[in-house]
A.B. asks: 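To start, I am sharing the structure in question, which I have written as structure tokens.
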Amino acid sequence: MRENILEIISNYNNDKTRLMDILHDIHSIAGYVDQESIELLHQKLRISEAQVNEVISFYHFYNCKPLAKVNIYLNNSITAKMHGREGVLNAFRNECAVEEGGISEDGEFGLFTTSCIGMNDQEPAAIINGSIFTRLTPYRVRELVKDLRNGKDIKELIYEGDGGGRNALPEINSMVCNNIRRRGALLTQDYLPFEITKKLLPVSTPEDIISIVEASKLRGRGGAGFPTGLKWKFGRKAEGVHHVVICNADEGEPGTFKDRILLTEFPELVFEGMIIAGYSIGADIGLLYLRYEYKYLLNFLKGLLDDMRSKNLLGKNISGIADFNFDIRIQLGAGAYVCGEESALIESLEGKRGEPRDKPPFPVERGYLNYPTVVNNVETLASIPKILKNGSDWFLNLGSNDSAGTKILSVSGDCNFPGIYEVEWGTTIKDVLDMCGAYDVQAIQVGGPSGALIGEKDFNRALSYTDLPTGGSMIVFGNKRNILKNVVMNLMEFFIEESCGSCSTCRNMPMVMKKKLEKILGGRGVESDIDDLLSWSEVLKVSRCGLGQTASNPITTSIKNFRHLYENLVQKDIVFDTGFDLEESVKDSCAAVGRQPILHNL
Ligand code: SF4
């Protein structure tokens, strides 16, 4: 084994910034990273054992202890729970003789919980030994486990080709369904791959391209909405030996799965967007950060890049343009929602824990390895070739006055037709509900846990950067759902699990607020507890990154739009109740992120 590990490390030229890849390769041959490997990594990469350990412990899918022969990671998103996760979990427990979070006595099965795996339109879903299993039922679990016990390989158990489209390709071989319900400007099949790279780039200056992107008023589709052309302008102007383009394909917001579709059916559009961005800002390094949960697409995407290299679409003097040298490497993540934040993603790309950086400096000035770096979302980059092909006016004519273009929505929950809907900005929530067949709707989580929980009075609002902005996730909750007990609690648990733990606010406050909510749900709350929740949420605003800054949103937006649900639960005849233990709450929150509580600071 020692020789194998040394070979892996040398395959990456003993480069510590490639630690993520090295750890993935070690897992692929050993299943975990043992102490001897950690020592070798320390010696060869010239980083301390503590640094190696802290990276391993940060990501959900790295381990420093052996796991089972078959490891099941069952998604625990709210949508999974709404569609029968409990029954599926019980079936796995019974069939595998294992408790959640543990390994069976015979070492055959491990059963773990994981945050949203991007399959909200086909839940319950699980990752089993790296393969995705969707639409699980107790019956399917029994069959699966029986076949595994009979020695079948996990790959044989995937419903081959069942997902449709490119999911059926041997390089993907996935039972994941595309569920494209509505196609707009991006998802139509009128795209001629790399036409812009071959024809327009050779006759345009980078400034020409940036001007068209600026004129289109394209804004980042990840949620923040920064003008793309302006970001490219900053990136081009910043000085550095190298310039970098990063495609952020780490969509981890529960309820979103649009990047999965773009990367399965339209990866050429995304890669061409990266090439164009590279040309515009003068980049030579391109990186696509692929979330671990989409590992099943990795070989397919790498194959496309190889093909592009063979056609001079990547490499030196692309399309015959002198000195336009640009290549793309795919970095596989290892499971950490916070890596969707651009500076955390850059840390991860450099082989470190994905902890967000302080800003400024912003990545356009000092990003990956301190080079000027433009980070764009998958959907943003996929929009670029279409804008250049059809012109900025074409794009401006789509959408609303303040928000140009279309938005791809990932719709799931209580609706008849969950899936992908590409709509123009300006479309109302009511229209989306009518499209997806959602009736008797009580609430919708728009934009994932960091977005807003809205009720009927907001259904006539329009999706746009100025009215109801969204990164694209929409989870529908019908009238029978218990919004506070099931929805809000699940979303708060998500933030507690995914905090990187750096800021005391983000480390502690979501857990403290969750405990307060538990007190209210337990019938021990009083009116002032509701106001406490609102005022405590203010503390989170000083957190370093968006995760912490928005971690109270499930509670604050539910109080704003569903205050009656809270008021129905609190005691009316008393003004003070001692049934809340702040110290205990802080201890629990520190345990969740593996840190020591410092109680006297509170
Ligand atoms: Fe980490 Fe939360 Fe602070 Fe962001 S806000 S840096 S996730 S602790």
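Residues: numbered from 1 along the sequence shown. Values below: all heavy atoms of this structure, side chains included; hydrogens, waters and symmetry mates excluded. Read the numbers this way: they start at 1 and go in the same order the structure lists the ligands and their atoms.
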A.B. asks: Provide the full list of side-chain hydrogen bond (donor to acceptor under 3.5 Å, both in side chains) pairs with a residue in residues 221-233, sequence neighbours left out, each pair given once.
C.D. replies: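 The answer is Glu214-Lys233, Arg221-Tyr465, Trp232-Asn376.
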A.B. asks: How close do Ile103 and Phe112 get, heavy atom to heavy atom, and via which atoms?
C.D. replies: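 Minimum heavy-atom contact is CG1-CZ, 4.2 Å.
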A.B. asks: Please work out whether the ring planes of Tyr292 and His24 are parallel, tilted or perpendicular, with thresholds of 30° and 60°.
C.D. replies: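 Ring orientation, 0 to 90° scale: parallel.
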A.B. asks: Counting distance only, does the side-chain N/O of Gln331 pair as donor-acceptor with the main-chain N or O of Tyr289 below 3.5 Å?
C.D. replies: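 Side chain of Gln331 to backbone of Tyr289, a donor-acceptor pair under 3.5 Å: no, none is there.
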A.B. asks: Between Lys258 and Glu379, is there a salt bridge with N-O shorter than 4.0 Å?
C.D. replies: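 Judged by the 4.0 Å cut-off on N to carboxylate O distance, Glu379 and Lys258 do form a salt bridge.
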A.B. asks: Quick one: does NZ or CZ of Arg291 land under 6.0 Å from the six-membered ring centre of Tyr294, within 45 degrees of the ring axis?
C.D. replies: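 Yes, cation above the ring, under 6.0 Å and within 45°.
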A.B. asks: If waters are left out, how many protein N/O/S atoms lie within less than 2.8 Å of atom 3 (Fe) of ligand 1?
C.D. replies: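 That number is 1, waters not included.
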A.B. asks: Please identify which atoms of ligand 1 are closer than 4.0 Å to at least one heavy atom of Val338.
C.D. replies: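 Answer for ligand 1: 7 (S).
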